[in-house]
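Convention: sequence-line order gives letters A, B, ...; per-chain numbering from 1.
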Amino acid sequence: MQEFFRPLIHSALCSAGITTDKSIQIEQPADKKFGDFSTNIALLAARECKRNPRELAQTIIEHLHFPPDTIAKVEVAGAGFINFYLTPHFIMQSVAQVLLEEDRYGNGSIGQGEKAVVEYVSANPTGPLTIGRGRGGVLGDCIANLFATQGYEVTREYYFNDAGRQMQILGESVRLRYLERCGQVIEFPATHYQGEYIGDIAEEIYRDHGTALAESTEIELFKKRAEEVIFASIRKTLERLSIRHDSFFNEHNLYKPNEEGITANQSVIDALASKGFITEYDGATWFQTTKLGQEKDKVLIKSSGEPSYRLPDIAYHITKFERGFNVIVNVFGADHIDEYPDVLEALKILGYDTTRVKVAINQFVTTTVDGQTLKMSTRKGNADLLDDLIDDVGADATRLFFIMRGKDSHLNFDVELAKKQSKDNPVFYLQYAHARICSLLRVAKLEIGFDPATNTSHHLLQLLGSPAELQLGFALLDYPDMIKTSLRLLEPQKMVEYLHSLAEVFHRFYQECPILKAEPDIASARLFLSLATRQVLRNGFRILGVSAPESM
RNA sequence: GCACCCGUAGCUCAAUUGGAUAGAGCAUCUGACUACGAAUCAGAAGGUUAGAGGUUCGACUCCUCUCGGGUGCACCA
């Protein structure tokens, strides 16, 4: 509806001779008595024009022209709001549009010709996925889905590192467990990976090689095996949640020399040096962030000669620009909050347009079992394994619970609630609405022979006009705007909220309006309205990655 | 000590990013099944938006300070 109103208001401003640099905002008043939509443009422009807002609003209204049978009423209200009331005709027309566009309804074209990369999960293969990672993974997947609806060509990327210190420790951890298995008495350091999976991998190696590897101190084989096994398990877990990636970017690429023998990391150093932001002391190479007002410089190359994580991070982001992405989205957890500002600063210095980079940070997850809040800890046992959670509550509930709160709020995952089969549980409430419509349509086919495959008399929708029907129609019409809002904010939670209210409005309609017992044309019209509702629920579920059961 | 996130109804969370009387769901209370799924719906009650200042036509939202909770703050990633 933004696209409907904005140009019309814009031309009204022009013909009224009003100039303003304020953008035209279309919003939905909280209270329906202020109209279906409203704009505050007169309030915003009043100061520049040095005119009374109400009088300015009146002038704008006089220059507004709408297509026939779309707007029932326009009025000035409050301090200078302009409120619009849609005609029932317009609303029902939009419902027919849903039936026409089917699974494309809600799609847009603002991303046409644009390439977006969404990076998420990006866990190094040092252990099974934790619940915290799961939240980021689902968030990233939904954000990627949102981009895809608007015509963006989306690449879903996973960035990982299988070199580095952590992987060394992983290999060593497995080797020690293996030695244990071979009968040696070892002391297992607290700094090493404690999880049971380490022992499992060691056991496998023991089965394949017996004690043959016990003499050597070489860890390469252990590391490699651990990486393979762990990566496979990570991918399997992701698959259970329908989280996919198109591209796995290994940090190792950034250490490989190009034709001129220069690594990506080195060229970052060179480029930053040429801008005067590189210095050396204490045997290390530093990014002079003190020149940008920070307290300390940041190490790019350690005195050991190895890059610190920041350097490849910068180089990696540069590849995103070089690979031609117009929109670069990074999804990560709150523990990485201090990491990206440096990367952005470096990119800015090197002349990249950092407004293209969007960072979505999700806060942590706690789980509640029997009203008891458990805090997550990566070090200790496996109380926070994502797989265990999926086993417990299922993939749909896992996904929905992860995104049904704003990403900035600390998520309290109520495991008991997620398993409950009643309206308390939002998953069931949403899916029930879908199943109920499916059931209705099955019965409709049997009893009154209604078949949407052959009956395309969508114009019958114009017979509807009761409050419940219009409210439902309006909710359907609102869907495309919801996707855009959700995308702009990188916040799938908006979709959950919207779908919840859609389900609610449908249930009310269902309660108030008899369908199959109505006279035939009304019955068909109400079935079309139900059909359109089911379509929008499905489209929304698809973005969220939640299944749409036909019966429950 | 520094940085970031959060503080809204008894509980879990919203509030269209500065809009009109701060809204939902649980829980509580009152109603609705001889109807297509009651796994539902209608209604009631529930608030000094942690606190104090400030900015303006207008603040839960922006700025400053205080208090509380979370998370980071390595030549780890």
Side-chain angles (χ1 to χ4, degrees), chain A residues 25-31 33-34 38 40 43-44 46-47 53 77-81 83 122-124 126 160-161 164-167 169 251 282-286 294-296 298-310 312-313 333-339 341 361-364 366 368 371 375 404-412 414 417 420-426 428-429 431-433 435-444 446-448 478 481-482 485 488-489 493-494 497 500-501 503-504 506-512 514-518 523 526-527 530 551-552:
Chain A
Q25 297 175 32
I26 307 296
E27 43 190 40
Q28 281 182 44
D31 192 328
K33 80 178 182 205
F34 296 122
S38 82
N40 60 354
L43 285 156
L44 296 177
R47 197 181 308 175
F81 292 99
N83 297 340
S122 293
N124 285 339
T126 56
F160 72 103
N161 167 357
R165 170 86 61 81
Q166 296 305 318
M167 293 301 291
I169 294 175
E251 181 185 323
D282 296 346
T285 304
W286 303 77
Q294 295 192 24
E295 280 181 26
K296 282 184 67 182
K298 302 292 170 61
V299 171
L300 292 182
I301 298 178
K302 300 184 262 185
S303 53
S304 66
E306 291 170 304
S308 83
Y309 68 92
R310 266 188 204 85
D313 253 18
D335 52 336
H336 287 238
I337 201 123
D338 288 327
E339 173 178 331
I361 292 175
N362 64 281
Q363 293 297 317
F364 282 129
T366 52
T368 304
K375 262 172 101 178
M404 74 181 187
R405 302 295 178 225
K407 60 181 182 294
D408 285 335
S409 71
H410 299 231
L411 176 65
N412 194 336
D414 187 333
L417 178 61
K420 229 168 168 181
Q421 311 219 344
S422 75
K423 76 172 283 193
D424 317 6
N425 181 347
F428 277 83
Y429 186 75
Q431 293 185 329
Y432 174 65
R436 197 179 208 186
I437 297 172
C438 290
S439 167
L440 171 67
L441 291 167
R442 279 193 298 268
V443 176
L446 284 173
E447 292 193 359
I448 65 170
D478 206 22
D481 279 353
M482 283 315 305
T485 302
R488 178 169 50 86
L489 302 174
Q493 188 252 345
K494 300 288 170 211
E497 210 170 71
H500 194 276
S501 73
E504 199 168 30
F506 174 77
H507 287 309
R508 185 175 310 146
F509 155 76
Y510 183 90
Q511 200 82 17
E512 285 181 18
I515 299 172
L516 302 181
K517 297 223 154 82
R526 288 179 176 161
L527 284 164
S530 304
S551 62
M552 301 172 66

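Contact annotation for A:Met552: base contact, defined as any heavy-atom pair under 4.0 Å involving a base atom. As judged by a 4.0 angstrom heavy-atom cut-off over every strand, A:Leu489 is placed among the base-contacting residues. A:Ala46 comes within 4.0 angstrom of nothing in the nucleic acid, heavy atoms only. Using a 4.0 Å heavy-atom cutoff across all strands shown, A:Ser501 reaches no nucleic acid atom at all. Contacts of A:Asn362 with the nucleic acid, taken as non-hydrogen atoms under 4.0 Å apart, are absent. Among the protein residues, A:Glu512 comes within range of no part of the nucleic acid, since none of its heavy atoms lies under 4.0 Å from any strand. Residue contacts shown for A:Ala444 are absent, as no nucleic acid heavy atom lies under 4.0 Å away. Among the atoms of the strands shown, base atoms are found under 4.0 Å from some heavy atom of A:Leu43. At the heavy-atom level, A:Tyr429 lies under 4.0 Å from the strands shown only through sugar-phosphate atoms. Residue contacts shown for A:Ser409 are limited to sugar-phosphate atoms, with no base heavy atom under 4.0 Å away.
The side chain of A:Arg508 sits closest to B:C41 out of B:C41, B:C5, B:A35. If you check B:G25, B:G37, B:U16 against the side chain of A:Glu504, the one that comes closest is B:G25. Candidate nucleotides B:A14, B:U40, B:A20 were compared by shortest atom distance to the side chain of A:His507, and B:U40 ranks first. With B:C57, B:U16, B:A14 as the candidates, the nucleotide lying closest to the side chain of A:Glu497 is B:A14. Here the side chain of A:Pro29 is nearest to one of B:G70, B:A20, B:A35, namely B:A20. Among the nucleotides B:U16, B:A39, B:C41, the one closest to any side-chain atom of A:Ala30 is B:U16. With B:U12, B:A14, B:C41 as the choices, the nucleotide that has an atom nearest any side-chain atom of A:Asn412 turns out to be B:U12. The side chain of A:Arg405 lies closest to B:U12 when the candidates are B:C36, B:C5, B:U12.
In this structure, A:Glu27 places its CD atom 14 Å from C1' of B:U61, rounding to the nearest Å. Between A:Leu440 atom CG and B:A35 atom P the separation is 15 Å, expressed in whole Å. Rounded to whole Å, the distance from CZ on A:Phe428 to C1' on B:G25 is 17 Å.
Counting atom types as modelled, A:Ser38 pairs a side-chain N or O with a base atom of B:A20 as donor and acceptor under 3.5 Å.
To the nearest whole angstrom, the two P atoms, one in B:C11 and one in B:U49, are 16 Å apart.
Glycosidic conformation at B:U17 (O4'-C1'-N9-C4 for purines, O4'-C1'-N1-C2 for pyrimidines): syn, within 90° of 0.
Both key distances under 3.5 Å define a Watson-Crick or G-U pair, and stretches of 3 or more such consecutive pairs in RNA chain B run B:1-7 with B:67-73, B:10-13 with B:23-26, B:28-32 with B:40-44, B:50-54 with B:62-66.
Judged by distance alone, the side chains of A:Asp478 and A:Gln28 do bring a donor and an acceptor atom under 3.5 Å apart.
Considering only residues two or more places apart in sequence or on other chains, A:Ser304 meets the side-chain hydrogen bond (donor to acceptor under 3.5 Å, both in side chains) condition with A:Glu306.
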Taking N or O atoms only and anything under 3.5 Å, show me the protein contacts with nucleotides 72-77 of chain B, one pair per line.
| unit_1 | atom_1 | unit_2 | atom_2 | d |
| --- | --- | --- | --- | --- |
| B:G72 | O2' | A:Asp338 | OD2 | 2.8 |
| B:C75 | O2 | A:Ser303 | N | 2.6 |
| B:C75 | O2 | A:Ser303 | OG | 2.6 |
| B:C75 | N3 | A:Ser303 | OG | 3.2 |
| B:C75 | N4 | A:Asp282 | O | 2.7 |
| B:C76 | OP2 | A:Lys302 | NZ | 2.4 |
| B:C76 | O2' | A:Gln166 | NE2 | 3.1 |
| B:A77 | OP2 | A:Tyr309 | N | 3.0 |
| B:A77 | O3' | A:Asn161 | ND2 | 3.0 |
| B:A77 | O2' | A:Asn124 | ND2 | 3.1 |
| B:A77 | N6 | A:Tyr309 | OH | 3.1 |

